[in-house]
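Here's the structure, in C-alpha cells; my notes come after.
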Amino acid sequence: MEQQEVLDKLRGLCARVMSVPEESVVPQARLVGDLGADSLDFTELEAIVRDVFGIDPEPSRIQGAVTVGDVAELIVALRAGTPAGEALA
C-alpha cells in the first residue's frame with residue numbers, strides 16, 4: 001500500500017476520531033496543534049490503525065507522531081516490514 005492510499009484512508013479516520021472536517025486532515029496538519037488530538041484520540045487512533053491497516057504499532061510510535069503525514073509514514077514503513085525502531089525515528 002502506497003503512502004497516498006494510506007493518507008486517503010487516514011483522512012477519514014482522523015476526521016472521525018478528532019471530530020474535525022475531513023478537508024482539514026492534510027499531511028502537514030499537526031495532530032495536536034491543528035486537529036486538537038488529545039491522549040484519548042491517540043489511543044483510539046492506535047486501535048483504528050491496528051484494525052484498518054493490520055499492523056500493531058507501539059503506542060509510543062503513534063503518540064510520537066507530530067503530523068498526519070508522520071502517521072502515514074509510520075503505517076507504510078511498518079507494513080513494509082521496517083523494524084518499529086526505525087519507523088518514525
Side-chain angles (χ1 to χ4, degrees):
M1 182 176 282
E2 293 187 26
Q3 188 156 346
Q4 189 58 50
E5 291 175 89
V6 170
L7 279 168
D8 291 343
K9 282 188 177 183
L10 199 54
R11 286 186 75 195
L13 299 172
C14 285
R16 189 177 81 225
V17 168
M18 295 164 206
S19 302
V20 297
E22 194 169 322
E23 54 271 4
S24 66
V25 182
V26 294
Q28 65 273 18
R30 294 170 297 155
L31 297 168
V32 175
D34 297 326
L35 304 179
D38 60 21
S39 60
L40 182 59
D41 293 330
F42 278 101
T43 301
E44 191 172 344
L45 186 59
E46 177 192 337
I48 287 172
V49 164
R50 185 176 27 254
D51 293 344
V52 171
F53 296 101
I55 58 172
D56 194 12
E58 296 175 30
S60 63
R61 293 289 173 206
I62 294 287
Q63 293 174 5
V66 175
T67 66
V68 173
D70 291 343
V71 176
E73 287 177 25
L74 175 64
I75 291 167
V76 169
L78 291 175
R79 287 180 57 94
T82 301
E86 295 176 21
L88 200 64

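In plain terms, the two heavy atoms of I55 and R79 that are nearest each other are CG2-CG, 3.5 Å. When all heavy atoms of D70 and V66 are compared, the closest pair comes out as OD2-N, 2.9 Å. For A72 against L7, the heavy-atom pair with the smallest separation is CB-CD2, 3.6 Å. Nearest approach of G69 to Q3, heavy atoms of both residues: O-NE2, 3.9 Å. F53 and L13 make their closest contact through CE1-CD1, 4.0 Å (heavy atoms, listed as atom of the first residue, atom of the second, distance). Considering every non-hydrogen atom in both A65 and L31, the closest pair reads O-CD1, 3.6 Å.
The side chain to side chain contact (heavy atoms under 4.5 Å, CB included) check on D38 picks up L40, D41, with sequence neighbours excluded. Legend: residues meeting salt bridge (Lys or Arg N to Asp or Glu O under 4.0 Å) with D56, ordered by chain and number and at least two apart, are R50. Residues satisfying the side chain to side chain donor-acceptor pair (under 3.5 Å) test with R30, not counting sequence neighbours, are D34.
With rounding to the nearest 0.5 angstrom, the CG atom of L45 is 6.5 Å from the CG atom of L10. In this structure, the separation between OG1 on T43 and CD1 on I48 is 11.0 Å, given to the nearest 0.5 Å. To the nearest 0.5 angstrom, E73 atom CD is 10.5 Å from I75 atom CD1. Interatomic distance, E46 CD to D51 CG, rounded to the nearest 0.5 Å: 10.5 Å. Distance check: E44 CD to S39 OG gives 11.5 Å after rounding to the nearest 0.5 Å.
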Only distances under 3.5 Å count here; give the side-chain donor-acceptor pairs of residues 15-27 to other protein atoms, sequence neighbours excluded, each with its distance to 0.1 Å.
residue: S24; atom: OG; partner: P21; partner atom: O; Å: 2.6

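Judged by distance alone, with hydrogens and angles left aside, the side-chain atoms of D8 form no donor-acceptor pair with the main-chain N or O of E5 at under 3.5 Å.
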